[in-house]
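One structure below.
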Protein chains: 2
Amino acid sequence: MEAMYKQIKQSIKSKILEGLMQPHEKISSESELMSQFDVSRHTVRVAIGELVNEGWLYREQGAGTFCADRTKNDSYSSRLPQKNIAIVTTYISAYIFPSIIRGAEAYLSEQGYHVSIFNTNNKHEQEKKIINLLLEGNYDGVIIEPSHSASATPNLRYYLNLEKAQIPYVMINAIYDELEPIYFMMDDELGGYLQTKHLLDLGHQNIACMYKTDDAQGQKRLKGYIKAYRESNVPLHPKNIITYSTENNIAKPKQELKRLLTAKMDRPTALVCYNDQLVLQLMDEVRELGIRIPDELSLVGYDDSMFAEVSEIKLTSITHPKSKLGLDAAKAIIQMIRPNEANHQSMESLSKLYEPELVVRQSTAAFRGVADI
Amino acid sequence: MEAMYKQIKQSIKSKILEGLMQPHEKISSESELMSQFDVSRHTVRVAIGELVNEGWLYREQGAGTFCADRTKNDSYSSRLPQKNIAIVTTYISAYIFPSIIRGAEAYLSEQGYHVSIFNTNNKHEQEKKIINLLLEGNYDGVIIEPSHSASATPNLRYYLNLEKAQIPYVMINAIYDELEPIYFMMDDELGGYLQTKHLLDLGHQNIACMYKTDDAQGQKRLKGYIKAYRESNVPLHPKNIITYSTENNIAKPKQELKRLLTAKMDRPTALVCYNDQLVLQLMDEVRELGIRIPDELSLVGYDDSMFAEVSEIKLTSITHPKSKLGLDAAKAIIQMIRPNEANHQSMESLSKLYEPELVVRQSTAAFRGVADI
DNA sequence: TCCGATTTGTTCGTATGTATG
DNA sequence: GCATACATACGAACAAATCGG
């Protein structure tokens with residue numbers, strides 16, 4: 001114990017052991033320690049460095065060096081972290097999820113985490129199995145998209161078990177209200193509102209909508225659609241509201257669209273859709289009926305995905321943060337895992353509600369007065 | 001990884017992982033490393049210091065620094081035998097990969113495995129880092145798509161280390177020949193052949209092609225293109241062969257297409273493309289030039305992806321097994337991990353070369369004799 | 001056993017970069 | 001924008017342990 005740095009080490013360690021230092025309390029800065037012990041900065045750094053390695057302290061650049069919280073994950077279990085993060089989505093392959101996953105994966109890999117993916121197929125039952133796996137497994141954090149988020153989750157207890165096991169999680173795209181989680185999602189109500197408002201502003205009055213309503217996103221977008229109508233004082237025909245669910249996926253919308261467009265009167269002049277993918281799938285039907293887009297029918301998509309720019313008539317759509325959302329969620333989960341670097345008061349303010357924006361392209365046009373005007 | 005000491009750290013760690021350093025073997029002395037990396041002693045010491053903390057090395061004053069024996073390093077690699085499979089692809093989000101991943105994930109989850117995903121961005125360097133992670137981690141098997149597969153891999157030793165560590169792996173979409181791995185991929189040469197043959201059969205003679213040639217898939221498709229031409233005895237203009245790489249991705253093809261189509265003479269009447277995505281991206285250019293598809297220009301895509309059915313003019317394309325390929329690869333890797341149920345004589349015959357098929361849609365039409373016929 | 005060369009251990013000084021508040 | 005605090009890096013010196021001759 002003759003080495004100076006060892007004496008300094010012992011001195012700091014003693015203060016912690018004597019309870020004079022509380023977890024997350026800042027210790028003297030390096031320059032203060034230099035004068036206290038009358039040594040060079042390097043020596044101080046060696047002492048602190050070893051204490052950091054042994055788990056007594058943690059450093060934050062620009063802020064200071066702090067006393068670690070040793071109350072739990074006693075010494076060894078946390079000394080050799082596996083560093084695993086799980087991402088649970090409803091569908092892995094379709095559509096925008098790959099972008100979200102990529103955004104998260106890029107950051108998490110960089111931080112040295114392993115990213116595991118799971119797929120619920122939008123089913124509560126599958127979600128339950130997966131959370132069980134997570135509990136048994138060795139995960140440090142979870143990014144999860146709630147399944148079937150329109151209905152209350154039967155898996156509440158499993159989520160609470162996650163919390164009990166101190167596995168932090170964030171929700172993306174939607175939330176289960178009961179859990180009040182950290183979330184990263186769009187303001188879908190505003191999105192639906194913007195879709196509809198755009199068409200109303202273009203003079204359309206008879207606007208149909210098609211929303212998938214077994215997840216919360218669709219329900220909120222529908223709410224926004226109704227809100228836009230109410231504000232505009234244009235009468236809203238209930239027959240114009242079409243909802244569908246994951247199971248009847250594409251069949252029902254196609255069928256309903258055909259019914260609407262071949263009706264003898266009150267044919268809609270515009271259509272807002274749950275997402276770009278749906279628009280593309282419906283476009284073929286529209287073409288078959290010989291209806292021109294956008295002259296005879298305006299279409300608005302959602303997500304501003306690659307689909308929006310791929311068809312001959314580029315889609316007017318609503319922006320979605322996609323990989324940015326994945327990145328933000330990843331950053332948040334890391335912060336929740338390592339609160340040392342974070343300011344813990346802001347835990348709740350990590351959540352983000354992304355404000356959607358309208359992107360006008362070629363699939364919408366002003367209403368051209370016909371018939372009964 | 002820009003800090004010098006981190007580079008040095010990585011360099012030393014790599015040597016250990018590559019098997020160039022045996023346990024208890026002495027590494028270069030501090031002064032040797034100083035001149036090797038042209039840094040100060042301090043920097044070398046920081047690098048070594050961290051590796052000692054992480055358990056890779058140990059120091060003996062007066063004697064030197066030595067490679068630690070990690071073989072039976074309790075608590076570290078051997079903790080939680082947890083049933084993990086890694087899927088390594090070049091890109092996670094784009095295009096058909098999500099389908100492949102989904103196919104594999106569905107089966108592996110069912111078998112109780114955790115699926116981790118990694119992204120090389122088609123770069124050898126990143127691939128190396130990931131294999132390092134896999135070696136350090138606790139993976140039972142690996143499904144990997146080789147990065148930049150057109151060129152020989154500089155990561156041969158890392159792959160051999162996977163074998164040494166008895167971590168089975170299968171390759172998808174392409175292979176590094178040197179390794180003679182179990183593989184799941186398409187017969188890309190036949191695919192390129194079918195694309196071209198279809199157009200030749202339709203009477204086209206002046207067929208351009210655009211292939212991404214920094215991965216083996218593109219090179220093989222190009223080979224098929226040439227083979228079809230040779231068989232048909234139709235002369236092949238070298239100017240019709242356009243190749244590009246990941247870096248210049250979309251810019252070069254667009255530019256070259258414009259050059260080809262605006263040429264005064266010998267304008268191609270058909271174009272075969274590396275994949276459907278490329279076709280869609282080029283379609284806009286074609287429209288801008290006022291050229292009608294398929295009357296004035298036939299287009300053939302590849303992969304039979306969702307893109308093929310999304311545009312107004314549905315694409316003639318080549319089938320790709322997608323999620324089937326993922327599923328087969330997953331089944332194979334499980335069989336390699338648990339040879340108990342399997343008949344081990346068939347280990348080598350697990351590989352599959354998928355036979356592509358042509359799907360004719362609307363983007364190709366018979367050549368309408370003009371000019372010189 | 002001692003010597004001297006080598007190698008790691010400890011400590012000083014200085015400078016610049018970068019994140020935080 | 002500024003001061004503070006940690007991060008990275010260069011140079012130098014002497015101490016302590018090891019090892020071959």
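Lettering of chains follows the sequences in order, A, B, ..., and the numbering in each one begins at 1. Just so we're clear, the structure is a prediction, and the values are computed from it rather than from any experiment.
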Worksheet item: Looking across every strand, which nucleic acid part, if any, lies under 4.0 Å from B/S29 by heavy atom: base, sugar-phosphate, or nothing?
Response: sugar-phosphate
Practice prompt. Would you indicate what B/V39 reaches in the nucleic acid, counting non-hydrogen atoms under 4.0 angstrom: base, sugar-phosphate, or nothing?
Written response: sugar-phosphate
What is the separation between atom [atom1] on [X] and atom [atom2] on [N], rounded to the nearest whole Å?
{"X": "B/Q61", "N": "D/dA17", "atom1": "CD", "atom2": "P", "result": "6 Å"}
{"X": "A/M34", "N": "C/dC12", "atom1": "CE", "atom2": "P", "result": "9 Å"}
{"X": "A/F37", "N": "C/dT10", "atom1": "CZ", "atom2": "P", "result": "17 Å"}
{"X": "A/I48", "N": "C/dT11", "atom1": "CD1", "atom2": "P", "result": "14 Å"}
{"X": "A/E30", "N": "C/dT11", "atom1": "CD", "atom2": "P", "result": "15 Å"}
{"X": "B/D38", "N": "D/dT8", "atom1": "CG", "atom2": "P", "result": "19 Å"}
{"X": "B/L57", "N": "C/dG9", "atom1": "CG", "atom2": "P", "result": "12 Å"}
{"X": "A/I8", "N": "C/dT11", "atom1": "CD1", "atom2": "C1'", "result": "10 Å"}

Fill in: Whether over 12 other heavy atoms sit under 6.0 Å from A/E163 CD
yes
Discussion item. Less than 4.0 angstrom from a charged side-chain N to a carboxylate O is my criterion; do B/E54 and B/K9 meet it?
Written reply: yes
Please determine if a side-chain N or O atom of [X] lies less than 4.0 Å away from the OP1 or OP2 oxygen of [N].
{"X": "A/T43", "N": "C/dC12", "value": "yes"}
{"X": "B/S31", "N": "C/dT6", "value": "no"}
{"X": "B/K6", "N": "D/dA7", "value": "no"}

Worksheet entry | Exam field: side chain A/Y302 to backbone A/H320, donor-acceptor pair closer than 3.5 Å | no
Discussion item. Here's a test of your reading of the structure: between A/R41 and A/G62, which maps to the more 5' nucleotide of DNA chain C?
Written reply: A/R41
Item to complete: With DNA chain C as reference, determine whether B/E32 or B/H42 sits nearer its 5' end, using the nearest nucleotide of each.
Response: B/E32
Worksheet entry | Aromatic ring proximity, centroids under 6.0 angstrom, A/H114 and B/Y139 | yes
Worksheet item: For the ring pair A/Y107 and A/Y113, is the centre-to-centre distance below 6.0 Å?
Response: no
Item to complete: Measure from the side chain of B/K26, starting at C-beta and using heavy atoms only, and say which of D/dA9, C/dT7, D/dC6 lies closest.
Response: C/dT7
Practice prompt. Among D/dT18, D/dT8, C/dG13, find the nucleotide with the atom closest to the side chain of B/A3.
Written response: D/dT8
Worksheet item: Does A/R45 make a side-chain donor-acceptor contact with the base of D/dA5, cut-off 3.5 Å?
Response: no
